[in-house]
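Computed over heavy atoms, backbone and side chain alike; hydrogens, waters and symmetry mates excluded. Predicted, not measured: the structure shown is a model, and the values here were computed from it.
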Amino acid sequence: MLARVADNLFWMGRYIERAEHTARFMNVNYFSSLDAPNTVSQSRDFVLRSMLFMVGDPPPEDAKLEEDKVLFKIGLDRDYPASILNSIIFARENAHSARDLISTELYYSVNKFFHFADSYPARSFVKTGLFDFTAQVTEMTAVLRGKIRGTLLHDAIYAIIMMGVNMERAIQITRIINAKYNDARKSLGSYGDRFRNSYEWTTLLKCAESYDMFRRFYKKAPTSLSTLEFLILNPDCPRSVMNSLNQVHQHVLTIDPLKASDKDSTAFMVGKIRSEYQFKRIEDIEGAVQAFIDHILTELSAIGSQMQKEFFHY
Amino acid sequence: MPKTQPSIFSAYQRNPALFDEVFDREGSILKDYKRLMKLYGKQSIEDYHELNARAKASFFNQGITFRVYSDDKTNEKIFPFDLFPRIIGASEWAFIERGAIQRCKALNMFLWDLYHDRNILKDGVVPLDLVSSSENYLDQMRGMDPPGGIYNHISGTDIIRHADGRYYVLEDNIRCPSGVSYVLSNRGALKRALFGVFNHYKAHTVTDYAENLLDLLETVKPHGVDIPVTVVLTPGMYNSAFYEHSYLAKTMGVELVEGRDLFVENDFVYMKTIRGPQKVDVIYRRIDDLFLDPMEFRKDSSLGVPGLFSAYRKGNVTIANAPGTGVADDKAVYSYVPDIIRYYLGEEPILANVKTYRCGQPDDLEYVLEHVRELVVKPVDEAGGYGISIGNTLTDEQVEKVRKEVRESPRKYVAQPILSLSVHPTYIEETQAFEQRHIDLRTFTVMGQDKTYVLKGGLTRVALRRGNLIVNSSQGGGSKDTWILKNEP
Amino acid sequence: MSELYTITYQAENAYDYPVVESSWQFLIIPEENASQSKPRIRFTSSEGSPWELSENGFGFPVIRIRNRHSLESIRFEAEFSLTKQVVNPFDFDPELLEPYEPQRLGQLPFRMRFDNFLKSTPLTCLAAGAPVFSFDPGTGILENLQALNAWVFNDLKYTAGITHVDTTLEELLVLRKGVCQDFAHLFIGIARAHGIPARYVSGYLHQGMGFFGDAQMHAWVEAFLPEVGWLGFDPTNNIMAATNHIKVAHGRDYNDCAPLKGVVYGPGGNRSRHQVQVASQQ
């Protein structure tokens, strides 16, 4: 496979996944804030700030935010690179340039996805369409994942796309944790709320579509530690950082099985980080959560650069 | 016996001056179309309208589109497609096929001769000046033997039927003829929309094009290569024909590369893959000659591969079509094709040429200047239907303008009588009715070493604007599925 | 009798922004021919990139380099050494010289043999009725070409920095100033218009005699005389090409002989400098 095309497929996977997480974050945060148990979490300003924080664009403290402008920016703004619409556009451009390699079915779905988002009316999106739009985006990305798994040969092409999907998932989950961790601190004590038992942990799990899984696993209400443990370290939670890294590792080996022991390879690097997390206990990071989040983000970005160098340099 | 016309054709108006492919002069349905008309006749115009809308949506969602750039936004459009197919009977097709092969073979021999001994020039059959003055003649190709001796691996021959019922070749396209992907997607769309009708006809499949193309390209692999690696070279995803490039790469199962994916080392070509460089042996290129290699041709080309031509000269890679084929599909050379066929093959041309006046010749020039109104005047070197003036549609002022332009640079123009292209019933969305529209046919011929293949289908292009004779897709043309029958029903 | 030449060619390219991938092709190797020996080649670049020998579309040897890392500037240095036989341009039987007869030159076999050096190119195209030298049918082809050589030499004033590589004859005939390329193109345009095959030659000029050449690669012309063959004319200096002219390549015009072609991937402009030195050890 051509290095340039591999790069495009990798990024197609990443943008599909990015669109999904951004959409779900908007959806869950907005709608769970409406009946949140404390006033801070209920505040529009608080929710909008949380969304902007998550896409990496936190506004200054004194900025006055207008709801429809913020929603438009993150949802449908063509001029804002991190908007959901742009993620979808980029996913489709990347699919387009590699359309000879992906299945007709997958391209068809990516293309339909693009036409859906591209023609979504901005006015109704900011007034009444937030739920509909973001829910459809998450539905359609699920369809895309199904097409990726079900209509492509599980060879290098599939591995590259899944590497992108899982890298992006690990990054987005970490960013969501970061954003909600920040929210939990800000909403601290506003309604007798404790950091440990903050309402934000429930929202966080829902943002990662992991609340039900969490309840099944722990059988009690989420706390800061159990939530982080579940979303970062639990290898069986399909949205956890650990699970994503396991998958990245497996796919890297498909692409180049001989490189696993080469200490300069992506495979080696991912394997190393993976085993670090595998033997980490959540108690180890208690009290240094922010540092740990920063550490994960740094390592993920290092993996990204190594992949770039190893597979996509053309 | 009273004639009953199918309902959706009840408003169909026949202009008796035009050659209708479906009805004879008396208005009876021709035999190949009888069953089809019956089947279509079961639809109401509303049903048909809906089918049409659904087929369009399917093209759109599959991304079988071309892009139109405007100020604020990129728009995507589908190529207009008509659901009423064109049928060509077995014996008629056999004639067209033999004619197309004859032409392509003769043009290949012509190219070999032009780049080697130049006997046809020495014998004065084709004037030297015509070749010397052609911008498409590449001096770099002199004395080069392309692998397998093939220059025009892929040829698109544009054929029309005149009011006299005869087929004529309108032009040869032997640089990078496009359109074959539409043949295949038209068939797909028609099968989806009207699957029932296929049970009643035995039409040749068109889906074997890609495998035949790959097979034949592999017959002209470079010397000493065992299992060749073939790629399709595209200018990139913003090119209007990108869909076709990716379609061909995908159906041949080969890589679709851009110039920047390739590099040349020690006169061999490699592509950059995730596992390092991989040697490339056959390049089906969809970029023009002058963009192939910035070291040899246009130095500002970012589409090409530095050093590619050297690798080609050394015989280390096959380029299809060969560089320099453009000299033989020039509109000025067109008028010599019958002579070229006689010269190399000793045969009479099977398919007729349209009478062509060469404005570079004094007698012809004089005739053209006097008869602008009765002629189609074409620039020799423009593609895509641009710069063509059709005499009977011109104002006095425009006629003067054409005269002036032709007089100023006569060699840049040829002229032909105004042909009356045959018409085919075509669904027109604005009027929600079937109307007569002009059509032509592009056939696709692939030549390999000792083996030639003609796609049994071809692209029927239709001029959607009423009365328009230019059927090119860049000029508002659409297309129809084309059925070649296995035997007469 | 022969000369031993050592030629050094230096080039330096600098870019406004780093370029990520780059290729260069040098058409600077002295041709191996009847009077020139196969040259010894030494080539280095400041990046230490490996180089390879190839041939361009007309069969002339070129040096090629490809870089895959980012760079902002690069220097190249080539050194060629060869022996050159002393050349007498008039080393042929004068009996063979033919008078200038346009009808004979216009015959098909002759035109066909040389059509690539008879057709006009954008750089050698003369407008109809341009006020230029006209051949005298009363004398021979050689006399006419020598007179043309002198006419071009006198008509243009050698001045650097006025013209560029894309200057057309139409522009040149207004400016009446230029460098060796322009002299060669004007000679070629006029010769071809009279039916004489003429080709552009690039190479090195040994400056020992105080010729015009400007420490750059030089350009002159070869014209074809029936029964005699190709003869070199240097209109920049109004002489016949001889021992001091070390030929590299020929072509239809400058574009076929450009000494350095670079293809870089990256934004922004670039500047380049070249320098040539020809030394002889007798």
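At a 4.5 Å heavy-atom cutoff, Y312(B) makes no contact with chain C through either its backbone or its side chain. Only the side chain of D129(B) comes within less than 4.5 Å of a heavy atom of chain C; its backbone N, CA, C and O stay farther away. Only the side chain of P306(B) has a heavy atom closer than 4.5 Å to any heavy atom of chain C. With a 4.5 Å cut-off on non-hydrogen atoms, R111(C) touches chain B through its backbone and its side chain both.
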Review point. Between R118(B) and D115(C), is a salt bridge (charged side-chain N to carboxylate O under 4.0 Å, His left out) present by the stated rule, with each step listed?
Key: CA-CA 12 Å; R118(B) 316 181 116 201; D115(C) 77 319; 3.1 Å; yes

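Between H250(C) and W230(C), the ring planes lie parallel to each other; the angle is under 30°, not in the 30° to 60° tilted range. Aromatic ring pairs are classed by plane angle as parallel below 30°, tilted from 30° to 60° and perpendicular above 60°; the pair Y115(B) and Y151(B) is parallel.
How far CG of D267(B) is from CD of E52(C): 6.5 Å, rounded to the nearest 0.5 Å.
Between chain B and the residues P109(C), S54(C), G262(C), the most heavy-atom pairs under 4.5 angstrom are made by S54(C). Contacts with chain C were tallied for R260(B), M141(B), E265(B), R142(B); E265(B) has the most, counting heavy-atom pairs under 4.5 Å.
Salt bridge present: K119(C) and D139(B) bring a charged side-chain N and a carboxylate O closer than 4.0 Å.
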